[in-house]
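Remarks on the structure that follows.
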Amino acid sequence: MFKMLPCLVVALGLCGCQKSATVAVPQGNAERGELLVARYGCAACHALPGALNQGANVGPPLFGMARRGYIGGVLPNTPDNMVRWLQDPPQVDPRTAMPSLGVSAAEAADITAWLYTLK
Ligand code: HEC
């Protein structure tokens, strides 16, 4: 019976990996997120995919954001942390140059859903 335990642990571990590979953002809608990115003028500071791109270079490019390890170099890149960051970056890191733009929690969830389409 106990010999099965390591197998079980491995199986659970694999499930965990698969789950984190498909990033689901509860309540987040990527299409709305893209509209919000336009409305908040994120492209003024970030290079990003799509028609909005102006090649801005104030902040890091948002290409491949789904695969980046850290947000702002300080927070592990998870959906919850991204929602937190987008609402108030200086609250996460007082020295960051990304300002608080007045993004609501619901808007941050939508923007997060869009950011995680950027593979
Ligand atoms: C005034 C310029 C400015 C605006 C506007 C701005 N950002 Fe940023 N953003 C930055 C800077 C600078 C950083 C780097 C922060 C750091 O590393 O501390 C950053 C970091 C980020 C990061 C983390 C990227 C990484 O690789 O660490 C994300 C995601 C992000 N911004 C998304 C957005 C979104 C979405 C918007 C629009 C809602 C937006 N930003 C608007 C300047 C801006």
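Order of appearance sets the numbers: ligands from 1, and atoms from 1 within every ligand. Sequence positions, counted from 1, serve as the residue numbers for this chain.
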Quick one: which residue pairs count as a side chain to side chain donor-acceptor pair (under 3.5 Å) with a foot in residues 34-60, not counting sequence neighbours? Y40-E107

Please say yes or no: joined through hydrophobic side-chain contacts below 4.5 Å, possibly via intermediate residues, are V37 and F63 part of one cluster? no

Which residues share a side-chain contact (heavy atoms from CB on, under 4.5 Å) with A108, sequence neighbours left out: V83, L86, Q87, V103

Using every non-hydrogen atom in the two residues, find where P90 and S100 come nearest and quote the distance to one decimal. CD-N, 3.9 Å

Distance dump, ligand 1 polar atoms to protein, N/O, under 3.5 Å:
unit_1, atom_1, unit_2, atom_2, d
ligand 1, 7 (N), H46, NE2, 2.8
ligand 1, 9 (N), H46, NE2, 2.8
ligand 1, 18 (O), T96, OG1, 2.7
ligand 1, 26 (O), R68, NH1, 2.8
ligand 1, 27 (O), G72, N, 2.6
ligand 1, 31 (N), H46, NE2, 2.8
ligand 1, 40 (N), H46, NE2, 2.8

Kindly write out the residues that satisfy salt bridge (charged side-chain N to carboxylate O under 4.0 Å, His left out) with R68, not counting sequence neighbours, or none if the list is empty. none

Applying the side chain to side chain contact (heavy atoms under 4.5 Å, CB included) test to L115, which of L48, L62, D110 qualifies? L62

